[in-house]
Amino acid sequence: MKMVFSRKQLGIPYALFLILFVVAPLFVIIYYAFTNGSGQFTISNLTDFFTNPNTLGTLCYSFVLAFTTTCVCLLIAYPVAYILARSEWKAKSIILMVFITPMWINFTLRITALKEILTLFEKNLAYFPFLNSVIGMSYDFLPFMILPLYTTLTKFDQSLIEASCDLGAGPVQSFLRVTLPLSTPGIISGVSMVFLPAMTNYVVLDMLYNSTYIMGSLIGSYFSAYDWNNGSMIALVLLAIICIFTFFGNNADEESPARGGAIL
Amino acid sequence: MAERLGNIIELKHITKTYTDNGFTAVSDFNLEVGRGEFVTFLGPSGCGKTTTLRMIAGFEMPTEGEILLNGQDITKIPANKRPINTVFQRYALFPHMNIYDNIAFGLKLKKLPKDEIRRKVNHVLDMVDLEGFENRRVATLSGGQQQRIAIARALVNEPEILLLDEPLGALDLKMRKEMQLELKNMHQQLGITFIYVTHDQEEALVMSDKIVVMSEGRTQQIGTPEDIYNEPKNAFVADFIGESNIFKGIMTGDKKVRFCGGEFECVDDVPEGTLIDAVVRPEDVILTPPEQGVVEGVVTSVIFKGIHYEITVESGKYEMVIQSTKAAVVGDKVGMQLEPDGIHIMIAEDHTTCFETTINSELNLDFNDETIQCDLTKVIPGSVIKDGELFDDDGEKIDLDKIRIMVSIQPEDIQMSDDLEAGLVTGKIINLIYKGDHYSYVVRTEHGHDLIVDDEYLWNMHDQVSLIMPEDKMKFALKK
């Protein structure tokens, strides 16, 4: 018998996968978020979230931490990506590799190594929890910022810089008025790949013997205490924040025709 | 100083060599451009015309030479400080800005008041016929419209010189013709100096006051369109501008020239016996009955081209292309006649190939590790060879490291072969011109020498060939 499938039939496995592992769990989370321990509908989880100074404090702290991490990553990654993309040096792919390969080394090993290095500089890490959180996370997420920026900047049309220079702009003005606005798609995808994980990835902090509490730690502690309802609500609020964030990101993206390839 | 008043820009001995690969894109380029002139750089791709334009714009620095603007040296001034604006080949409009912001870019950098910017932008938009496009995005415009915006963006800054780098290359034929006339009109109205780059000879002839024909990084001829077309300086220009028949010939008397198997009257006064290249434009050939022409031939092809027929006539070993409004029949015998002013005489350049060689231990010549047999005693008068050593007429031993032997050979004595092992050197064909009964090739060897080779067979551009140079055709001379 000849096996011929229509496009629709070929789509079935993917649809099943999506329903089972994406849509269904999402509904489970929504269900838990809006029920109490005995399974009755309630919005107290939501009100709790926004009235509990502890949770709100953690949210603010996570936000500041993630924001700082993202800024640090962006400040390091942009010049690196810019120089690599602009240079005609043959070995530039190797340099790019040097930045990317850490991703292939086991995460636990990397952070443990980083911890040892940080110990060398600072006898007592616990005194500077914020600083070492930022260092740990920036180190971990840097490649995710470099790659989209590099992709955007390599596709950048050099004649636009020449045009801006021709019209009277110096190197700084050309960068601010042409290069930077046209690399926003890369910046947006880089930021969304660093900012959101940085809000929740508490494993890095745990491994650095860090007592800092971020959103991820909060969800983790609720779930390990079998309080699925509150844990789910926090996850849901974070999801909402992510949705808003990506919505604005995509809108800014559509403005720019140079978006191709920036979304990794 | 007086003669400088009329010149807006002068290029003096400009040479550009790229450091990374040693390629010389432009060598010893000299040009004076008068205020308000429309100058066109014309040449095939890779001839250095765009590089020259980029040096005027300030995107590239010349390796040698200087650029004077109004008599002031601007060679080291960056592009953003020059009163020169460019229309780029691919327009290079900023995709993240609307049309208004694109055009206002330069004015905003100059920090002009807002209402003045608006007035100027509206004025140039009006000039390029795109009023009301201020808020459109670049991507929503057609190629022709983007082209106009690019011109408007450059003109709004009121530059002293407008540079245009093949600005019409991406447009279709009809649009290109329209834009040619529009640009020409704009030039006349504004009085700004235009420097235009193109590889399209027709475009150059239509638009320019002055044409600079370039090839291989060198100026071939500078002149008005009429000069360039009617009085081409060399075979390259004649071949590149318009269609032409080029023949090798010789002056046989007072204003008499012999080529293509016949003797013709001409207007150029060149001494008898001079070797020449004769250029005959296809439209200047008069077809006659066989017995009335100076030369006789057989029609081998007739192609209808709209306003005329393109007729190819074979006469002996020569071939002539003719444009005529009257059709001919393939196989017919015809005669060909030429008016004296229809023949343009160019004194043939000395195409003898010369290269320098060293002497190896076997007392033969060494040319890039290839050996050429040579009897040194005939080259150095009075010298003798004893026990594998060379002695001069005083009996003193000659230091072989100190002398160089020049070898010369005629283009027709060099043979080309596709067997790369067969010849003395290998190289790539970088130029070819048909000369009536043979092709004249320029072969660039792997060591960077350009050799002229005549061959009756057609080879392709960029073919890798081996050059066979028979030693009995070579002439040797001691380099002084």
Side-chain angles (χ1 to χ4, degrees), chain A residues 78 82-83 85-92 148-149 151-191 248-263, chain B residues 18-21 50 53-60 77-98 101-112 137-141 146 149-159 161-166:
Chain A
Y78 202 103
Y82 185 81
I83 292 166
R86 290 284 293 269
S87 82
E88 280 171 20
W89 197 24
K90 280 179 190 134
K92 71 177 178 184
L149 282 173
T151 327
T152 315
L153 289 169
T154 32
K155 294 193 172 169
F156 191 79
D157 182 0
Q158 281 308 309
S159 67
L160 293 176
I161 296 296
E162 283 181 356
S164 121
C165 184
D166 186 72
L167 293 166
V172 178
Q173 282 163 321
S174 290
F175 177 79
L176 292 177
R177 284 166 187 262
V178 179
T179 315
L180 197 60
L182 281 175
S183 54
T184 29
I187 297 175
I188 287 168
S189 55
V191 165
F248 281 113
N250 279 346
N251 262 14
D253 223 15
E254 260 158 36
E255 295 278 300
S256 166
R259 58 190 302 201
I263 292 112
Chain B
Y18 289 99
T19 41
D20 48 344
N21 55 12
T50 297
L53 193 83
R54 290 172 59 80
M55 287 191 281
I56 298 174
F59 304 137
E60 294 197 35
I77 293 177
N80 54 325
K81 302 228 165 68
R82 297 186 186 191
I84 296 172
N85 287 111
T86 310
V87 177
F88 291 84
Q89 196 166 7
R90 294 263 157 209
Y91 321 138
L93 297 176
F94 304 120
H96 58 300
M97 296 178 190
N98 64 19
D101 289 334
N102 260 286
I103 297 176
F105 191 88
L107 301 176
K108 281 182 183 167
L109 285 167
K110 281 184 201 147
K111 303 220 161 43
L112 292 184
R137 300 206 71 86
V138 172
T140 64
L141 265 58
Q146 292 192 21
I149 297 301
I151 293 168
R153 186 179 66 174
L155 284 177
V156 80
N157 301 293
E158 291 156 16
I161 302 175
L162 183 71
L163 307 177
L164 302 108
D165 183 9
E166 306 221 15

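Proteins come first, then strands; the chains are lettered A, B, ... in the order of their sequence lines, and each starts at number 1. Computed from a predicted structure; not experimentally measured.
Residues of residues 156-163 of chain A lying under 4.5 angstrom from chain B, judged on non-hydrogen atoms, are A:S159, A:L160, A:E162, A:A163 in numerical order.
Without hydrogens or angle criteria, B:N102 side chain to B:N98 main chain gives a donor-acceptor distance under 3.5 Å.
Of the inter-residue distances, the one linking B:R153 atom CZ with B:D101 atom CG reads 12.0 Å to the nearest 0.5 angstrom. In this structure, B:L53 CG and B:Q89 CD are separated by 10.5 Å, a value rounded to the nearest 0.5 Å.
Within the 4.5 angstrom heavy-atom criterion, only side-chain atoms of B:R54, from C-beta onward, approach chain A. Only the backbone of B:L93 comes within contact range of chain A, judged by heavy atoms closer than 4.5 Å. Contact annotation for B:L107: neither backbone nor side-chain heavy atoms come within less than 4.5 Å of a heavy atom of chain A. With a 4.5 Å cut-off on non-hydrogen atoms, B:F59 touches chain A through its side chain but not through its backbone. For chain A, the nearby parts of B:N85 are the backbone and the side chain; heavy atoms of each come within less than 4.5 Å.
Using cut-offs of 30° and 60° for the angle between ring planes, the A:F175 and A:Y78 rings count as perpendicular.
The closest side-chain heavy-atom distance from B:Y18 to B:E60 is below 4.5 Å.
Within 6.0 Å of NZ in B:K81 there are 12 or fewer heavy atoms belonging to other residues, nucleotides or ligands.
Of all non-hydrogen atoms in A:L149 and A:G186, the two that sit nearest each other are CD2-C, 3.7 Å.
Residue pairs meeting the side chain to side chain donor-acceptor pair (under 3.5 Å) criterion with at least one partner in residues 172-182 of chain A, sequence neighbours excluded, are A:S164-A:S174.
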